[in-house]
Colleague: 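Before I ask anything, let me first share the structure, which is written out below as structure tokens.
Just so it is clear: chains get the letters A, B, ... in the order the sequence lines come, proteins before strands, and each one is counted from 1.
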2 protein chains.
Amino acid sequence: MSSSTPHLHIADHDHAKCVAGALAAARDVCAQRGERFTELRGRVLELVWESHRPIGAYAILERLRADGRSAAPPTVYRALDFLMSVGLVHRIESLNAYIGCAHPGQRHASQFLICTDCGTAVELDDPAVAGALAQAAEKRGFKVEARVVELSGHCASCAQG
Amino acid sequence: MSSSTPHLHIADHDHAKCVAGALAAARDVCAQRGERFTELRGRVLELVWESHRPIGAYAILERLRADGRSAAPPTVYRALDFLMSVGLVHRIESLNAYIGCAHPGQRHASQFLICTDCGTAVELDDPAVAGALAQAAEKRGFKVEARVVELSGHCASCAQG
DNA sequence: TCACTTTCGATATATTATACCGCGCTCGCA
DNA sequence: TGCGAGCGCGGTATAATATATCGAAAGTGA
Ligand SMILES: [Zn+2]
Ligand SMILES: [Zn+2]
Ligand SMILES: [Zn+2]
Ligand SMILES: [Zn+2]
């Protein structure tokens, strides 16, 4: 009910393939890094990829419980922390929510375009933005370790679909 | 104790003047917009400007109580919401904290450089960054309404002062 | 002074996140 | 094949951040 999906404005796509691809990439990344891709971690990643909208930790928790599984907040946060540590999930700071990484296994910057109408978040890896940020920081002698770049507004479809 | 100030790496400056300037600008902004700059709002703004480090809502709350004033969380959040609504304070999403705006009363973009060593946050209004972001969004037909740009790392002084 | 609006005090509660403990499974290795 | 070290996870408790709501007080304009 509350979560009946507003139209997904991301160009139509085969979302099952989308999720399968994410899970396959996850297996690869973990194998390469000698990390364990457990059943729980897989399920949490799957839930994060349920849509292209950022999802909150407690929403993930509810879905785990709906699976019949016993779960508490640490269950979710541990899995999310792991998935973030290996670069499979990003945290959206302005929403306290999590989203699957669009470029798993690749070194990349990310910038998010978050639609406040349909809720979707698109991850960019825009070199001009990354470059401008790097220059701005360097100019002030600042050594960057982490970047949060989140633009909120209206996606192309919602703005005037 | 816990909050004994680590060295402030912002180039030495007369911070009293810094705070006084912020309060004066605040009066102007509120007068221009027909908003009331109450004693509480002034005190909260002063506390936000206590240093150039982002400060949490509950830290502000403690200081209000230390003044002998009765205060609860809504006291602080109302004042912060007001100050943000008139552009005198920014929220740092990646820290759940608040900082005084460096360009009150002016239309500006802002990007923050947050030092994880000394805690200071510097607000930039870098046109190249703003331009690159605007272009990246426009290219995808995205209408931007709000921007969160926060780089964490080491400031020039801390990196190798 | 009176009606109206805004600000504020106060209480309760929601939402997001972490600290900690102990068990059992996995995996490397003898 | 058995064993120990470490990791992942269930479970409980609690911390940290934020909002909903209501009524009283104070400012505002007529
Ligand atoms: Zn998809
Ligand atoms: Zn949209
Ligand atoms: Zn100053
Ligand atoms: Zn520093």
Colleague: How do B/Ala71 and B/Asn96 order along DNA chain C: which one's closest nucleotide is nearer the 5' end?
Modeller: B/Ala71
Colleague: Indicate whether A/Tyr58 forms a stack on C/dT16; treat it as stacked only if centroid distance is below 5.5 angstrom and interplanar angle below 30 degrees.
Modeller: yes
Colleague: Looking at C/dC8, D/dA18, C/dT7, which one has an atom nearest to any side-chain atom of B/Tyr77?
Modeller: D/dA18
Colleague: Of the candidate nucleotides C/dA17, D/dA18, D/dC7, which contains the atom at the shortest distance from the side chain of A/Arg36?
Modeller: D/dC7
Colleague: Can you tell me how far P of D/dC9 sits from CZ of A/Arg69, to the nearest Å?
Modeller: 9 Å
Colleague: Can you measure from CG (A/Leu64) to CG (A/Leu47) and round to the nearest 0.5 angstrom?
Modeller: 5.5 Å
Colleague: Establish, yes or no, whether the cationic atom of B/Arg41 lies under 6.0 Å from the six-membered ring centre of B/Phe82 and within 45° of the ring axis.
Modeller: yes
Colleague: Mind calculating the distance between CD (A/Glu93) and C1' (D/dT17) to the nearest angstrom?
Modeller: 14 Å
Colleague: Between B/His13 and B/His52, is the ring centroid distance below 6.0 Å?
Modeller: yes
Colleague: With the side chain of B/Tyr98 defined as its heavy atoms from C-beta on, choose the nearest nucleotide among D/dA18, C/dT18, C/dT11.
Modeller: D/dA18
Colleague: With a 4.5 Å cut-off on side-chain heavy atoms, are B/Val144 and B/Phe142 touching?
Modeller: yes
Colleague: If you check the A/Ala72 side chain, which of D/dG11, C/dT11, D/dC7 turns out closest?
Modeller: D/dG11
Colleague: Among D/dG10, C/dT7, C/dT11, which nucleotide has an atom closest to any side-chain atom of A/Arg78?
Modeller: D/dG10
Colleague: Which nucleotide, C/dT18, D/dA18, C/dG9, lies nearest any side-chain atom of B/Leu40?
Modeller: C/dG9
Colleague: Output the single nucleotide from D/dG11, D/dA18, C/dA10 whose closest atom is nearest the side chain of A/Ser70.
Modeller: D/dG11
Colleague: Want to settle it: does B/Leu95 or A/Arg41 sit nearer the 5' end of DNA chain D, counting the closest nucleotide to each?
Modeller: A/Arg41
Colleague: Quick check on the helix from C/dT1-D/dA30 to C/dA30-D/dT1: what's the angle between its two end axes, five base pairs per end, to the nearest 10°?
Modeller: 30°
